[in-house]
Amino acid sequence: MSREMTGARMVIEALRDQGVDTVFGYPGGAVLPIYDEIFQQNDIKHILVRHEQGAVHMAEGYARSTGKPGVVLVTSGPGATNAVTGLTDALMDSIPLVVLTGQVPTFLIGTDGFQEADTVGITRPCTKHNWLVKETDELAATIHKAFHIATSGRPGPVLIDIPKDVQFATGEYVGPKQIETPSYQPVKKGDLATITRLVELMETARRPILYTGGGVINSGTGASQLLRELADAAGFPVTSTLMGLGAYPASGRNWIGMLGMHGLYEANMAMHDCDLMIAVGARFDDRITGRVADFSPGSVKAQIDIDPSSINKVIRVDLPIVGDVGHVLEDLLKVWKSRGRKTNAEAVRAWWTQIEQWKARNCLAYRNSDQVIKPQYALQRLQELTAGRNPYIATEVGQHQMWAAQFLHFEDPNHWMTSGGLGTMGYGLPASIGAQVAHPDALVINVAGEASWLMNMQEMGTAVQFRAPVKQFILNNERLGMVRQWQQLLHGERYSQSWSESLPDFVKLAEAFGCKGRTVSDPAELDDAIREMIEYDGPFILDVLVERHENCFPMIPSGKPHNEMLLGEASTDGAITGAGGALV
């Protein structure tokens, strides 16, 4: 039977064949044929956003919380250019996305037609791959290839630019099994000889550490389970990057917390002093390494990563293993078990004694108050009152993001959505909606700062329209908190443009959107406010007025090594303040 159809119909058929159930998008002239096909079917749900950047971040939240690729549909010109920030964010954080953009008809390309932009040229640096499809017969195969590339190897965003006349024209549809095997086939199995050499080092290491990243989560739940098995069986400490939180449970006996610029003292000190560092799905980015020349100077370094370009990019490693984290960990466990599950147990016990001494510094200590809500306290109460609910947590970007990573506990992968590599203010609200759409019955909370939240606040309209009961937990310090902190510590307290003014009344704003809001400033009322937010059956904005000049510690100052951290004074001499800092 012939499967001739229009290009617009092909888009819907291809998405259906790829198992897509949700598309985030915004219509415009160059994609109206596709939107007409969306109207005539019921298999794929369309979420109407309020801005194309919001669409991409929603798709990121959907993808991050499910492990499936997020799908976006926007129009040409400004529709496509508004998506660029989200595409770059997804590329940096290895989030699989398929973004479909409309384009002016092929005969108008290059004429500066209405709403024309060189979308392929603009997005080439911020996608894994992109295409301009000029023939309808090539459209379906291109979409199927796009899904393969987005989800294979190191995941990432891809983009397909579809001229309007290609959408109207007819062609032959091909399914995913009818296309040629894509040439892009990343290596999944690691080199067994190198894996065996790593096992030999594990058997003799005196101060080992597992340094884990987002690649563990991207590899799937099986990889996280294998990581837990390896860490628990070997008794090695586990630390994680911002993007890797949840790959190993926060309640696990070998968890020593997040590392990096605002990581825990014990994690950073263990990274600095280890003699065997096993990097699993982590890429040694600058937020982790501090001063590269002094990064973990006495360790043998192994790196497991599916992306060959991530190996030796920043830190030269001794044992590079290219392969999928899940496959490599599976082989690593097999080899280690076959050799008798050996470790240098006595030395590792002494290593743990040292780590416990570092933990005793209590690096997250802060001076609490019964007069003003401290942001750390707000997150501790949020953690306590959501314990057992296993919420999905999104964040915006800034101090609140780091406090959330420090004080919230993640037991499972795919429950933490944050902008790591690009640091995109405005990410959290739409990402939380994407996660909520994917998990309609789950508790989804966006931890925000008031400045970041305002960047994409229009997406509350999307949450209300589609009855997504996302909870917006705003830590409102009336400041660009992280900017203000850096200005205090590094720029002589010259607070250039870091104080917010003319902020909205967030309760009235919530009511204007048609949802519920509350403001809380008294620590004694915080628990009640959090409970109201959680229990409300719909979107909720909780405006938590917090200490305006609290700093986020620990902190590795720019250009310093791991063992030169700024700690809150409570962590060093008992003076207990979050406003200053002590270099240790």
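Position 1 is the first residue of the sequence; numbering continues from there.
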To the nearest 0.5 angstrom, please state how far the [atom1] atom of [X] sits from the [atom2] atom of [Y].
X	Y	atom1	atom2	result
Met417	Ser432	CE	OG	8.0 Å
Leu385	Leu526	CG	CG	8.0 Å
His400	Asn476	NE2	CG	11.5 Å
Lys301	Leu276	NZ	CG	10.0 Å
Phe407	Glu384	CZ	CD	14.0 Å
His262	Gln399	NE2	CD	8.0 Å

Handout entry: Pairs involving residues 524-544, ordered by first then second residue, that meet ring-ring contact (aromatic ring centres under 6.0 Å, His included) (sequence neighbours left out)
Key = Tyr536-Phe540
Handout entry: Qualifying residues under salt bridge (charged side-chain N to carboxylate O under 4.0 Å, His left out), relative to Lys337, sequence neighbours excluded
Key =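 Per chain and number, Lys337 pairs via salt bridge (charged side-chain N to carboxylate O under 4.0 Å, His left out) with Glu229.
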Handout entry: Qualifying residues under salt bridge (charged side-chain N to carboxylate O under 4.0 Å, His left out), relative to Asp331, sequence neighbours excluded
Key =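 Only Lys189 meet the salt bridge (charged side-chain N to carboxylate O under 4.0 Å, His left out) criterion with Asp331.
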Practice task
Can you sort out the partners of Gln436 under side chain to side chain donor-acceptor pair (under 3.5 Å), two or more places apart, ordered by chain and number?
Solution key: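 Once residues adjacent in sequence are excluded, Gln436 has no partner under the side chain to side chain donor-acceptor pair (under 3.5 Å) criterion.
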Problem - Worked check of side-chain hydrogen bond (donor to acceptor under 3.5 Å, both in side chains) between Glu330 and His327 - result: CA-CA 5 Å; Glu330 184 177 21; His327 286 280; 4.6 Å; no
Does a donor on one side chain and an acceptor on the other come within less than 3.5 Å for [X] and [Y]?
X	Y	result
Asn563	Asn268	no
Asp93	Tyr427	no
Lys68	Tyr62	yes
Arg228	Tyr248	no
Glu411	Ser251	yes
Thr462	Glu459	yes

Problem - Within residues 211-225 or reaching into it, pairs that qualify as side-chain hydrogen bond (donor to acceptor under 3.5 Å, both in side chains) - sequence neighbours excluded - result: Ser219-Asp324
Practice task
Name all pairs fulfilling the side-chain hydrogen bond (donor to acceptor under 3.5 Å, both in side chains) condition that reach into residues 311-320, sequence neighbours left out, sorted by first residue then second.
Solution key: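 Every pair satisfying side-chain hydrogen bond (donor to acceptor under 3.5 Å, both in side chains) with a residue in residues 311-320: there are none.
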Practice task
Could you list all the salt bridge (Lys or Arg N to Asp or Glu O under 4.0 Å) pairs where at least one residue sits in residues 532-547, not counting sequence neighbours?
Solution key: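 Listed by first then second residue: Lys516-Glu532, Arg518-Glu532.
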side-chain contact (heavy atoms from CB on, under 4.5 Å) partners of [X], counting only residues at least two apart:
X	result
Ala347	Arg206, Asn344
Ala448	Glu396, Asn446, Trp453, Ile474
Asp294	Arg291, Pro561
Pro554	Cys363, Leu364, Gln406, Met565, Leu567

Looking only at heavy atoms, which two atoms of [X] and [Y] are closest? And how far apart?
X	Y	value
Ala55	Val72	O-CG2, 3.8 Å
Leu87	Val56	N-CG1, 3.8 Å
Thr424	Thr85	CG2-CG2, 3.7 Å

Problem - Min side-chain heavy-atom separation Leu259-Leu264 under 4.5 Å - result: no
Exercise for the section: Give a yes or no answer on whether the side chain of Ser240 reaches the backbone of Leu245 with a donor-acceptor pair at less than 3.5 Å. Expected result: yes
Exercise for the section: Ignoring hydrogens and angles, tell me if any N or O in the side chain of Lys471 forms a donor-acceptor pair with the backbone of Leu443 under 3.5 Å. Expected result: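 No, because the side chain of Lys471 does not come within donor-acceptor range (under 3.5 Å) of the backbone of Leu443.
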Handout entry: Over 12 non-hydrogen atoms of neighbours within 6.0 angstrom of NZ in Lys359
Key = yes
Problem - Within 6.0 angstrom of Arg467 CZ, more than 12 heavy atoms from elsewhere - result: no
Distance-only donor-acceptor hits, side chain of residues 277-284, under 3.5 Å, sequence neighbours excluded:
none

Exercise for the section: Before giving the answer on side-chain hydrogen bond (donor to acceptor under 3.5 Å, both in side chains), spell out for Asp89 and Ser419 the whole-Å C-alpha distance, their side-chain angles and the decisive distance to 0.1 Å. Expected result: CA-CA 7 Å; Asp89 190 274; Ser419 175; 2.5 Å; yes
Practice task
Could you go through the side chain to side chain contact (heavy atoms under 4.5 Å, CB included) check for Ser296 and His272 one step at a time?
Solution key: CA-CA 4 Å; Ser296 192; His272 188 270; 5.7 Å; no
Handout entry: Residues Arg349, Glu346: salt bridge by 4.0 Å N-O rule
Key = no
Problem - Proximity of His415 and Tyr392 rings by center, below 6.0 Å - result: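 Yes, close enough.
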